[in-house]
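Heads up: the structure comes next, in structure tokens.
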Amino acid sequence: MADTIHVLGEGGGTHELSLPLHETIADKLKKGLIRRVTADGEPYDEHARPSGTEPVDTRPAVRASKDDWAAWAVAESERRGTPITIDEAQALTKDQLIEAYGTAEEPEDPEHGKHEATETDEQRAEREAAEKAAAEQQNQ
């Protein structure tokens with residue numbers, strides 16, 4: 001099935017259009033003569049989460065799929081206040097996603113003036129294994 005979007009046309013009707021849009025329609029959309037809307041005619045929010053999907057709460061393992069990392073990046077970007085869309089996340093490589101969203105911004109501990117650790121057991125084991133391998137490589 002082809003990807004589609006819904007637009008509120010110049011006459012006020014909601015129309016479903018196949019992507020990619022014809023250049024004249026794309027130009028009207030760019031100029032604001034027509035607006036993108038949801039299927040039921042409500043204003044479209046490009047950062048809205050599709051129904052039935054929940055935010056990802058735990059950082060995926062480094063070996064997790066790119067799709068898992070893209071979902072994490074969307075959720076993490078929302079938590080950081082700089083939301084990205086799933087399409088923007090999918091446009092990045094897995095390595096870029098890990099670099100940009102691999103570590104959560106840690107909350108500051110007001111008593112000690114430093115950041116609290118939010119590392120899971122799995123993340124700690126991965127980090128320790130990587131540190132051990134790096135140390136062994138340096139000793140050779």
Side-chain angles (χ1 to χ4, degrees):
M1 184 170 130
D3 288 331
T4 62
I5 65 168
H6 293 84
V7 297
L8 183 63
E10 295 168 296
T14 300
H15 306 280
E16 183 176 12
L17 303 174
S18 296
L19 295 175
L21 296 174
H22 186 275
E23 63 185 51
T24 58
I25 299 296
D27 189 50
K28 286 182 179 187
L29 190 60
K30 184 178 176 182
K31 290 179 179 177
L33 299 173
I34 58 175
R35 286 188 295 130
R36 186 165 181 187
V37 294
T38 63
D40 58 1
E42 295 296 317
Y44 175 77
D45 179 3
E46 71 175 283
H47 297 293
R49 183 175 291 106
S51 62
T53 61
E54 296 300 319
V56 180
D57 291 328
T58 57
R59 182 184 76 84
V62 173
R63 66 184 177 281
S65 71
K66 180 182 174 189
D67 289 341
D68 289 345
W69 274 99
W72 166 258
V74 170
E76 182 63 18
S77 70
E78 290 173 1
R79 283 189 280 274
R80 294 180 183 185
T82 54
I84 64 170
T85 65
I86 191 67
D87 292 334
E88 291 168 325
Q90 288 288 356
L92 299 173
T93 66
K94 180 179 169 182
D95 288 339
Q96 289 171 322
L97 292 169
I98 292 170
E99 183 177 331
Y101 300 99
T103 56
E105 290 183 354
E106 299 171 348
E108 195 167 299
D109 178 2
E111 284 185 30
H112 302 96
K114 57 185 174 185
H115 295 288
E116 297 176 2
T118 58
E119 188 174 51
T120 66
D121 290 340
E122 182 182 9
Q123 292 166 341
R124 184 173 35 261
E126 286 180 4
R127 179 183 49 78
E128 289 171 354
E131 289 171 355
K132 183 179 177 183
E136 288 175 359
Q137 189 174 20
Q138 283 182 340
N139 291 333
Q140 292 180 353

- request: Dump the intermediate steps for side chain to side chain contact (heavy atoms under 4.5 Å, CB included) on Trp69 and Ile98, then the final yes or no.
  value: CA-CA 7 Å; Trp69 274 99; Ile98 292 170; 3.5 Å; yes
Residues at least two apart in sequence or cross-chain that pass salt bridge (charged side-chain N to carboxylate O under 4.0 Å, His left out) with Lys31, listed by chain then number, are Asp27
Members sharing Leu8's hydrophobic cluster, built from side-chain contacts under 4.5 Å between Ile, Leu, Val, Met, Phe, Trp and Tyr, are Val37
Between Gly41 and Thr14 the two heavy atoms that sit nearest each other are CA-OG1, 3.9 Å
inquiry  = Is it the case that the side chains of Thr85 and Asp87 hold a donor-acceptor pair, with the cut-off being a distance below 3.5 Å and no angle test?
reply    = no
side-chain contact (heavy atoms from CB on, under 4.5 Å) filter on Ala61, not counting sequence neighbours, yields Arg63, Glu122, Glu126
Taken to the nearest 0.5 Å, the spacing of Leu17 CG from Thr4 OG1 works out to 8.5 Å
Flag, side chain of Lys94 to backbone of Ala70, donor-acceptor distance under 3.5 Å:
no
Contacts of Thr93 meeting side-chain hydrogen bond (donor to acceptor under 3.5 Å, both in side chains) (sequence neighbours excluded), chain-then-number -> Gln96
Taken in chain and number order and not counting sequence neighbours, the residues that satisfy side-chain hydrogen bond (donor to acceptor under 3.5 Å, both in side chains) with Glu42 are none
Those residues at least two apart in sequence (or on a different chain) that pass salt bridge (charged side-chain N to carboxylate O under 4.0 Å, His left out) with Glu128 are none
*asked:* Would the distance check show the side chain of Arg59 and the main-chain N or O of Gly102 forming a donor-acceptor pair, the cut-off being under 3.5 Å?
replied: yes
Rounded to the nearest 0.5 Å, the CG atom of Leu92 sits from the NZ atom of Lys66 at a distance of 7.0 Å
inquiry  = Before you tell me yes or no, could you show the steps for Tyr101 and Arg80 under side chain to side chain contact (heavy atoms under 4.5 Å, CB included), namely the whole-Å CA-CA distance, both residues' side-chain angles and the distance that decides it to 0.1 Å?
reply    = CA-CA 10 Å; Tyr101 300 99; Arg80 294 180 183 185; 3.9 Å; yes
Sorted by chain and number, sequence neighbours left out, side-chain hydrogen bond (donor to acceptor under 3.5 Å, both in side chains) with Ser65 holds for Asp68
Heavy atoms of Ile84 and Ala89 approach each other most closely as CD1-CB, 3.9 Å
When every non-hydrogen atom of Thr38 is compared with those of His6, the smallest separation belongs to O-CB, 3.7 Å
For Glu10, the salt bridge (charged side-chain N to carboxylate O under 4.0 Å, His left out) test, sequence neighbours excluded, returns Lys28
Those residues at least two apart in sequence (or on a different chain) that pass side-chain hydrogen bond (donor to acceptor under 3.5 Å, both in side chains) with Glu131 are Arg127
(Q) Determine whether Leu21 and Ile5 satisfy the following criterion, side chain to side chain contact (heavy atoms under 4.5 Å, CB included), listing intermediate values before the conclusion. (A) CA-CA 9 Å; Leu21 296 174; Ile5 65 168; 3.8 Å; yes
